[in-house]
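Read the structure below first, then the notes.
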Amino acid sequence: MANKIYPNVTAALDGLLFDGMLIASGGFGLCGVPERLIETIQASGVKGLTIASNNAGIDNEGLGKLLRSRQVKKMISSYVGENKEFERQYLAGELEVEFTPQGTLAERMRAGGAGIPGFYTKTGVGTLVAEGKPTMVFDGEEYVLERGIVADLAIVKGWKADATGNVIFRKTARNFNVPAAQCGKACVVEVEEVVPTGTLDPDAIHLPGVYVQRIVVGAPYDKKIEFRTVRERETA
Amino acid sequence: MPWSRNDMAARAARELQDGFYVNLGIGIPTLVANYIPAGITVTLQSENGMLGIGPFPYAGEEDADLINAGKQTISELPWSAYFDSAASFAMIRGGKIDLTVLGAMEVAENGDIANWMIPGKMIKGMGGAMDLVAGVKKIIVVMEHCAKDGSPKFIPACTQPLTGRNVVDMVITDLALFQRADHSAPFRLVECAPGVTADEIRAKTTAHFVE
């Protein structure tokens, strides 16, 4: 069995990056974002990237780092608020954005990875999202054709992985990481911990190793919280 | 006296039924969780991949890996379940979610909703709103009856780019509640806020509705 573990993030991305490529990234807000891989892509200087990711990070966090260094040509995203540099580049016409409904984006990734080049959905019918796209009526209801996404590279943040590439995620940090991984021609996963093969429950694997070519430990992590909300403890 | 934000949320909460799976939008809709009627259990869905949203965590117990779709820290319940974004929207698009409560900038008399972009202003994106209005069984909009400049928000036809076409089932504003039986029926004025008259509603609404 091949060992998919790479010694560091630079090695994990070696030979996979090129100008003008399409990268699919996991993450929702700042949760489950492949921070170490993004930093490594930034350091590589690769340019003209198209990035499919639900969000675009916030100023200088997550994908915001690649925006700041002007390496991104186009974003395929559902929500890009809370990011001033994004706003500046977008309004100046320096950055292209393909707004895609969140569920359509997730399904475009899943479908691309599942060998499905297009699918019909009722999401966005009659809106700007459907403009220029073929529609079809099924059982009296109108649907719009959306394309699957196949990315040159998927970058993913997992919790634990084994050397064969089986990955599990933690709580809501799973989010877009699974569909992003599925749609990559190559998929690199950074994890908090590599565990011995045989210790992950085979019934509880979130991302089977067939989707994963390279694993790298990204720890230690300083996980960011975008909006810290708490409740008071009731006093007895 | 018009309904407050909390009153509107409480009124929306009366539409909940035991066993419902519910998705709440950001803003006033989030407040609906505070008014779930006694004796009723509903499961809240978060589109970033969770069923069974718990309350905000106690200070010191926040977990960066556990957030809601508004990116706020939350907690889990004994029956919570996590899944990826594709599975999350499969259950939304597939009609498995019973009810969603959303804010809006405009609702039209034919059930169209606009709540994601204002031409000429910075576009942040639609997030999951288009998927929710397309797939969830019942769509409740909670919004102010009039915009800040006094213009009606429940109107004959949306002027802003649509989020969904003919999808809204109920509109709750600070002045009134409108409902329709199905997507081919007209909206009906069902309730007025205390002290608000049907005359006042008619004066502040350009959408056609029946009484």
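Atoms considered below: every heavy atom in the structure, side chains included; atoms not considered: hydrogens, waters and symmetry mates. Within every chain, numbering begins at 1; the chains are lettered A, B, ... in the order of the sequence lines, protein sequences first and strands thereafter.
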[X], [atom1] atom: more than 12 neighbouring heavy atoms under 6.0 Å:
{"X": "Tyr21(B)", "atom1": "OH", "result": "no"}
{"X": "Arg202(B)", "atom1": "CZ", "result": "yes"}
{"X": "Asp149(B)", "atom1": "CG", "result": "yes"}
{"X": "Lys133(A)", "atom1": "NZ", "result": "yes"}
{"X": "Glu232(A)", "atom1": "CD", "result": "no"}

Would you say [X] and [Y] make side-chain contact, with heavy atoms under 4.5 Å?
{"X": "Val230(A)", "Y": "Tyr58(B)", "value": "no"}
{"X": "Thr127(A)", "Y": "Met130(B)", "value": "yes"}
{"X": "Glu226(A)", "Y": "Ile67(B)", "value": "no"}
{"X": "Tyr90(A)", "Y": "Ile123(B)", "value": "yes"}
{"X": "Asn55(A)", "Y": "Lys71(B)", "value": "yes"}
{"X": "Phe89(B)", "Y": "Gln102(A)", "value": "yes"}
{"X": "Phe227(A)", "Y": "Asn68(B)", "value": "no"}
{"X": "Met122(B)", "Y": "Phe86(A)", "value": "yes"}

What's the separation between atom [atom1] in [X] and atom [atom2] in [Y], rounded to the nearest 0.5 Å?
{"X": "Lys124(B)", "Y": "Ser77(A)", "atom1": "NZ", "atom2": "OG", "result": "14.5 Å"}
{"X": "Ser46(B)", "Y": "Phe28(A)", "atom1": "OG", "atom2": "CZ", "result": "6.5 Å"}
{"X": "Phe99(A)", "Y": "Met126(B)", "atom1": "CZ", "atom2": "CE", "result": "7.0 Å"}

Taking every heavy-atom pair that is under 4.5 Å apart, which of [options] has the most such pairs with chain B?
{"options": "Lys224(A), Glu107(A), His206(A)", "result": "Glu107(A)"}
{"options": "Arg231(A), Met109(A), Arg108(A)", "result": "Arg231(A)"}
{"options": "Gly124(A), Ala111(A), Ala56(A), Gly81(A)", "result": "Gly81(A)"}
{"options": "Thr104(A), Asn54(A), Leu91(A), Asn177(A)", "result": "Thr104(A)"}

What part of [X] gets within 4.5 angstrom of chain A, counting heavy atoms only: side chain, backbone, both, or neither?
{"X": "Leu132(B)", "value": "neither"}
{"X": "Ala69(B)", "value": "both"}
{"X": "Thr163(B)", "value": "backbone"}
{"X": "Leu66(B)", "value": "both"}
{"X": "Asn166(B)", "value": "neither"}

Who wins among Ala90(B), Ala134(B), Ala129(B) for the most heavy-atom pairs under 4.5 Å with chain A?
->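 The residue among Ala90(B), Ala134(B), Ala129(B) with the greatest pair count is Ala134(B).
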Hey, which of Ala86(B), Gly128(B), Pro57(B), Gly60(B) has the most heavy atom pairs under 4.5 Å with chain A?
->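 Going by pairs under 4.5 Å, I would pick Pro57(B).
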Nearest atoms (heavy-atom pairs only) where Thr172(A) meets Met50(B) = CG2-CB, 4.0 Å
List the atom of Pro161(B), the atom of Leu128(A), and the distance in Å for their closest heavy-atom pair.
->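 Taking every non-hydrogen atom into account, CB-CD1, 3.8 Å.
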Contact origin within [X] toward chain B - heavy atom pairs under 4.5 Å:
{"X": "Phe169(A)", "value": "neither"}
{"X": "Glu142(A)", "value": "side chain"}
{"X": "Asn83(A)", "value": "neither"}
{"X": "Arg170(A)", "value": "both"}

Do the charged groups of [X] and [Y] touch, with an N to O distance under 4.0 Å?
{"X": "Glu61(B)", "Y": "Arg233(A)", "answer": "yes"}
{"X": "Lys223(A)", "Y": "Asp63(B)", "answer": "no"}
{"X": "Asp84(B)", "Y": "Arg174(A)", "answer": "no"}

For Thr123(A), does its backbone N or O pair with a side-chain atom of Arg93(B) as donor and acceptor, under 3.5 Å?
->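 Not confirmed, Arg93(B) side chain does not pair with Thr123(A) backbone.
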Side chain to side chain contact (heavy atoms under 4.5 Å, CB included) between Asp65(B) and Glu192(A): does it pass, once the steps are laid out?
-> CA-CA 12 Å; Asp65(B) 288 339; Glu192(A) 295 175 37; 4.3 Å; yes
Evaluate side chain to side chain contact (heavy atoms under 4.5 Å, CB included) for Phe56(B) paired with Arg228(A), printing each intermediate quantity in order.
-> CA-CA 9 Å; Phe56(B) 292 144; Arg228(A) 188 178 301 274; over 6 Å; no
Between Thr229(A) and Glu62(B), is a side chain to side chain contact (heavy atoms under 4.5 Å, CB included) present by the stated rule, with each step listed?
-> CA-CA 8 Å; Thr229(A) 44; Glu62(B) 310 93 304; over 6 Å; no
Do Ser85(B) and Asn175(A) have a side chain donor and acceptor closer than 3.5 Å?
->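 Not at all, the side chains of Ser85(B) and Asn175(A) share no donor-acceptor pair under 3.5 Å.
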